[in-house]
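Per chain, numbering begins at 1; letters A, B, ... match sequence-line order.
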There are 2 protein chains.
Amino acid sequence: MADINSKLEIGVTTGPIRGSRKIHVESPRFPGVRVAMREIALEPSSGEPPLRVYDTSGAYTDPSVTIDIGAGLPKLRHDWIVGRGDVEQYDGRAIKPEDNGQLGPDRSGGVPPFPNTVKRPLRAVSGRNVTQMHYARQGIVTPEMEYVAIRENLGRKQLKEALIRDGQDWGASIPDTVTAEFVRDEVARGRAIIPSNINHPESEPMAIGRNFLVKINANIGNSAVASDVASEVDKMAWAIRWGADTVMDLSTGRNIHDTREWILRNAPVPIGTVPIYQALEKVGGIAEELTWEIFRDTLIEQAEQGVDYFTIHAGVRLAYIPLSARRVTGIVSRGGSIMAKWCLAHHKESFLYEHFDEITEIMKAYDIAYSLGDGLRPGSIADANDEAQFAELYTLGELTKRAWEQDVQVMIEGPGHVPMHKVKENMDKQLASCGEAPFYTLGPLVTDIAPGYDHITSGIGAAMIGWFGTAMLCYVTPKEHLGLPDRDDVKVGVVTYKLAAHAADLAKGHPAAKLRDDALSRARFEFRWRDQFNLSLDPDTAEQYHDQTLPAEGAKTAHFCSMCGPKFCSMKITQEVREFAAKQNSAPENFLAAEDVEAGMAQMSEKYREAGDLYIPAAE
Amino acid sequence: MADINSKLEIGVTTGPIRGSRKIHVESPRFPGVRVAMREIALEPSSGEPPLRVYDTSGAYTDPSVTIDIGAGLPKLRHDWIVGRGDVEQYDGRAIKPEDNGQLGPDRSGGVPPFPNTVKRPLRAVSGRNVTQMHYARQGIVTPEMEYVAIRENLGRKQLKEALIRDGQDWGASIPDTVTAEFVRDEVARGRAIIPSNINHPESEPMAIGRNFLVKINANIGNSAVASDVASEVDKMAWAIRWGADTVMDLSTGRNIHDTREWILRNAPVPIGTVPIYQALEKVGGIAEELTWEIFRDTLIEQAEQGVDYFTIHAGVRLAYIPLSARRVTGIVSRGGSIMAKWCLAHHKESFLYEHFDEITEIMKAYDIAYSLGDGLRPGSIADANDEAQFAELYTLGELTKRAWEQDVQVMIEGPGHVPMHKVKENMDKQLASCGEAPFYTLGPLVTDIAPGYDHITSGIGAAMIGWFGTAMLCYVTPKEHLGLPDRDDVKVGVVTYKLAAHAADLAKGHPAAKLRDDALSRARFEFRWRDQFNLSLDPDTAEQYHDQTLPAEGAKTAHFCSMCGPKFCSMKITQEVREFAAKQNSAPENFLAAEDVEAGMAQMSEKYREAGDLYIPAAE
C-alpha cells in the first residue's frame, strides 16, 4: 500500500482520501451543527461541479485536526446531550479485573488502559428517557436529527432540477428531500434509528432505516487467538476511512474492556457490541454459568463506556432450540449457541427473554439501541428460511414492540446464508413481523462453495436484500470462515459492501445516488482518468491498476486506455462521432440526413492515418 | 502463488487441482465417448462419498497426459466428425501477411508460427450442413450430444433418492436427469448450442442453454499495448483450470493469426472471437475502409483454424446509431463503434446486416455458432435499457430466426451496465424477442462507482441475470476499465463468475447444484478443514487464508477455527449439543423433556473446564 496518500501517526492512518477534501455544511437552524462531508473536485476544464459524497471517516481525513488517539476525538455531541437537561453525571461502576477477561492477577500481557477515560459517566435523570425515539415521539427535533437530515440530503439539491425517480423501491417511502422533520417522524415510528449513547459524544449522528441511504457495518475485534489494541483502533479508523457507517467490536479473550475504551474514544461512528461475549469471558467461557446478574452488570459496564447498540439474542427461546437439531450446520451464531447451551443446561427459558423489559430500562437511560440478534440464523444454504429461523424472527417482532413501549430504538439482525430465490422472503417476513424496524443483515451469502471469496458471495445477497429494504449490511471479508481479517481484508470487505449498498440505493431509486455513477461515467467517457480514479470508491486501487499497464504519467491524460490501445478505442470513436455531429450543428435526429457526415468522416479518416503520431506510442 | 500444487511445463500450468483427481465416465451408447470429470475425495472417516464436479480443465489436470503445447491436444472429436461422412478436406486459404496484423514485411517481433498446424482444413461437403442444430433437427443424436448429457448430468443420480426441486426457475425447463435426447431437443429448438467447429476437434463438447448449468466465459488476448503468445496460451489454460467454460480470444494488434492458432490447438474448450477486430487490423485500423470482402475472407481464415463461435455485430443498423448520440457513454462496444463509424462514413446499412445470410452460409459449413453481438449495449448505469439497446435486441431476434432457417446455432450477447431493478427486463425482452436462444451477458455491472472492483459489481448482476435465465456469463476482471488483466486477475475473474453461475444454478433449483454446498457445509460443521478447502472453488486460496492465522499443521484437524478460538466456537457448541442428544437416544422433539439433558450438560461443563488442555494453545 505504498502509494496511499496518508501518513501513519501513532499507528492510525490519517490524511485526506486521494482527490478529496473535507468540508462542513452548517445547519441554519442549530448553531454549531456542522455536518462533515467529502468533496471530490473534478478537472476544471471539464466544467463539472465538485461532487459531495457521504463521509464516515471523521477527523482522520481532516488535515485541520491533530489526531491524538491517547486523548480521543473531540466530543461533538457533548453540549447537545447536556443541553437537554435530562442527564446527570454519577459515580460509575468500578472497573473490575474480570472486565478484561482472562488476564491473570498480575495483568501481564494486558493493553495499557486508555489514558483519558471519563471518570463519571452520564445517565438519564431518574424518570427521564433520553432516547432519540423518545424525543421524536414528543415531537422534538434534536440536533442529531438535523445532522442526519443534512448528511443524508447530500447532493439531492443538485438533482432537483431534473429529478427523475427511477427505481423499484418495494414499498419504501424515500422522500425527494430529507428534512429534520422527516427524520424525526421515521425515528418516532421506529422505521429508523440514530444509535447515539449519551456516553459516546464523539460520534457523528447517522440514521439506519429503509428510507435512508443503505448503511454498512464492519466488524473488528481481537480474539483469543490474535490481535492487539493498536491494530484494532487502526482497523476501526481504516474501516471508516473506506466507508463503514458503524463498527462492531466483537472482541473476545483478554483486554475486552480496555480495547473497547480505546475504540470508543476514537470512534466518530456508532459502536456496537455483543455483550454476551464479554459476559461469557467473565464466567471463564462456561455458558451454563452465565447469570442475569453478570449479564446485567456487563450491560451497565458497556453502557457507561458509550456503546451505541447492543446485539441481544433474546429471541433464542428454549422452545426453538430443538428446531435447529436437524440442521446441516445447527446454530452458527456465537450468541445463539451460548444461549442455546444455557437454556438446555438449565432447562429454563432464556434469561435475556425473561428480563427483556429490564434490559430495555437500562438501555433507555443511555440511549442504546437494540440490535435484536438472530441467534438461529442459517449457517448454510441448506438451513435457509427454516422453521427455527422464522420462529425466532416472530419473537423478535414481539420484542420490538415491547422495546418501543419504552421508546427504545430497535433494529433486527438477519441472515446469513440464503440462496437468491429465498432472499426476498426474509425481507418480506421481517417487514411484516417487526413493524418496519430497520433490518440489519449479514450478507447473506448466496452459496457456500467459495471460501476465500465470501465477501463476494455475500455481497451478491447484500446488494439484493439492500434493494429489497434492508437498512444496514454487515460486511463479510475474504477471510470469512477461514481466519482473522487483516487490514487489506477489512478494506476489501468495506469497499465490497459500499458498492453493494450503493447498488441497492440505485435500484431503490434513491434520488441522489445516481449522481456519482453519472459523474464517473462522464469522466470515463471523456478520458479524465484522474477524475475517474477520484470518483471511485477506492481511488488508490483504481490508479494502481491503471498504472500496472500504463505507468507513464502521460497515459493518465491520454485519450485511450490499455484495453484497446491508441487506435482502437470505442469510446474515442463514439466521442469523435458525437463531436463531429456537434460541429456540424446537426441534431442527432438529423444525423442520417446530414450530407456533411461523409465529408467529416473523410477528415477523421485522415486524422486516423496520422494516429501513430497523435498518440503516445504503445511501448511507453 | 508459491503453494499451488502444480508445475510449470513449457510455461503452462499443469497438474491436478488440489485434492481432486481426473476421472472419465464412459458412454454406454457411444464407444469412445469418455467424459472428463473431476472427483473430490473426502476424509474417509466422514463416511462421505467423493463428489464429482464439472471439469473444464482438459488434459492439463490429467497426470496421465503429457502436455506439449507445440504439438497441441489430442483430437478428441476427429473420428466423430469424419465418421459422419459429410465433410471433406480441402486446400485452405493461404496465410497472408496481413493475417498477423501490423507486422512489417520482415515479420520481426512476430511470434513463432504454431509448428503442428493442420495443412488441409475440413468443411462440409457441398450441399451438406454439418451443424449440431442440423443433426438435432434431423433427429440425430451425435456423440457431442451424448457427451454433453453425461457431463451435465453430474451428480444428479446421487440426489435422485431424495430429489427436492427447491428453486424459482422463472419458466425454465430443467429436467431431473439430462438425457442425450433432451440435449438433442434443446439444440433442435434453438434453446441450447454446442459450439463445435469441425476444425477444432480438440474441444470437449459443452452446451450453453437456459436448461443446463450456467456457463462462464473468460476473455484473453493480446492488444496493441502488451502481451505475447506464451502468456496468452497460459492464460487460456489458467482460465479453464479454474472453470472457464469457453474462452474468447480478443487479440488485437500483431500476431493475431498465429496467437489464435496456438490457443486453438491447445484449447479443450470452445474458442470465440470477434472477427471484425482482425478485419480492422487488415485495413490499418481505419473502420471506413472495411469491406465485405475483407470481412468474409477473415471469416474463412478463422473458420479454417477452428474458431467455435463468432461475435457478429449485425444488429448495429444505420438507423439505430443516432439513438446513441445522447447517451452518457455513447457506444462502448468496440465492434459496435467500428460498425457505427463504417455506417456513418458510407451512409449505408451495415454490411454485416446486408450480408447476414452469406455469413450464415459460411458458418454452417464449419458449424460455427453465432454470438450475435450487442454493439449498442449500455456502457453506464445512465444508458441502461434505452431505446438504442432494445432496438438492436429486436433486430438480433430477427437475425436469430434467419440463422435458424439454415440450422445455424445462435446465442445473443447482452449488457453491460444495468442497475439491479432493470436487470430482469433485459432477460424478459431477450426471451421474448429471440425465441429463447441462449443469452450471453457481460456482467452486468450494477453500479459504475467501483473501478478496481468491477468483477464484484458485475458479479452481482451476473448472478441475478443467470438466475433469471442467462445461459452464459462473460467474466469481468478487477482490471476492467483500468488495464489488462494478469494471471491473478484472470483467476479472480473466473472464480467470481463461477460462484455467480453456481449461485444462479442454486436459485433456479438445478437438481444437483446443492450437493456441493451441502458437502462443504457438512465439512465446515464437522471441522474437516481439508475437505472444506478441497470442496471450494479455489482450494489454494482457502488453505492459504486459513494458514495466515493458524499455520500449524495441527490446526487443520483442530475442532475450532481462528475466528472464535478454542473455547468459543458456536459450531462446536451446536455439535456437542447434538451429540449429547444422540447419545441420550432422545429425538429432537424430546429435547426439552429429557431429564438427562442437565446431567449431560454437567459432564460437558467439566469438559469445558479442561478446554485449555484439550485444544491446541492459541499461540501456536
Side-chain angles (χ1 to χ4, degrees), chain A residues 168 223-225 285-286 322 325 328-332 334 337 341 344-345 380-382 419-421 446-452 456 460 463 467 479 482-484 499 502-503 506-507 516-518 520-521 525 536-538 541-542 545-546 548-549 562 565 567 570 573-574 588 591 601 608 618, chain B residues 168 223-225 285-286 322 325 328-332 334 337 341 345 380-382 419-421 446-452 457 460 463 467 479 482-484 499 502-503 506-507 516-518 520-521 525 536-538 541-542 545-546 548-549 562 565 567 570 573-574 588 591 597 601 608 618:
Chain A
Q168 158 61 281
S223 85
V225 178
I286 321 292
V328 168
T329 48
I331 301 176
V332 297
R334 287 193 277 179
S337 61
K341 192 160 183 188
L344 287 178
S380 57
I381 292 298
M420 282 190 286
H421 65 294
V446 296
T447 170
D448 300 331
I449 69 166
I456 306 178
I460 294 168
W467 174 26
K479 292 277 169 62
L482 296 169
L484 291 173
L499 71 85
H502 183 80
L506 273 181
R516 189 167 178 180
D517 294 79
D518 292 352
L520 195 145
S521 294
F525 189 70
S536 70
L537 288 176
D538 178 0
T541 297
Y545 282 2
H546 175 270
Q548 278 175 24
T549 314
S562 57
K567 280 208 284 186
S570 58
I573 291 174
T574 310
F591 249 36
M601 284 297 161
Y608 265 82
Chain B
Q168 158 59 283
S223 85
V225 178
I286 320 292
V328 168
T329 48
I331 301 175
V332 296
R334 287 193 278 181
S337 61
K341 192 159 182 187
S380 57
I381 292 297
M420 282 190 286
H421 66 293
V446 297
T447 170
D448 300 331
I449 69 166
T457 62
I460 294 168
W467 174 27
K479 293 279 169 62
L482 296 169
L484 290 173
L499 72 86
H502 183 80
L506 272 181
R516 189 167 178 180
D517 294 79
D518 292 351
L520 195 145
S521 294
F525 190 70
S536 70
L537 288 177
D538 178 0
T541 298
Y545 282 3
H546 175 270
Q548 278 175 22
T549 315
S562 58
K567 280 208 284 184
S570 58
I573 291 173
T574 309
F591 249 36
V597 167
M601 285 296 160
Y608 266 83

Heavy-atom nearest pair, B:Y545 first then A:L482, reads CB-CD1, 3.8 Å
Of A:A507, A:G452, A:G330, the largest count of non-hydrogen pairs under 4.5 angstrom with chain B goes to A:A507
Does any heavy atom of chain A fall under 4.5 Å from the side chain of B:L499, the backbone, both, or neither of them? both
So, A:D517 side chain and B:D448 main chain: donor-acceptor pair closer than 3.5 Å or not? yes
Scored by heavy-atom pairs under 4.5 Å with chain A, the best of B:T447, B:L537, B:I449 is B:I449
Sorted by chain and residue number, the salt bridge (charged side-chain N to carboxylate O under 4.0 Å, His left out) partners of A:D538 (sequence neighbours excluded) come out as A:K491
Set of side chain to side chain donor-acceptor pair (under 3.5 Å) partners for A:Q548, sequence neighbours left out: B:K479
So which of B:P419, B:A463, B:A450 has the biggest tally of heavy-atom pairs under 4.5 Å with chain A? B:A463
With a 4.5 Å heavy-atom cut-off, do A:L506 and B:M420 have their side chains touching? no
Please report the shortest heavy-atom distance between B:A542 and A:P451, naming the atom on each side. CB-O, 3.9 Å
Structural part of A:L520 lying under 4.5 Å from a heavy atom of chain B: side chain
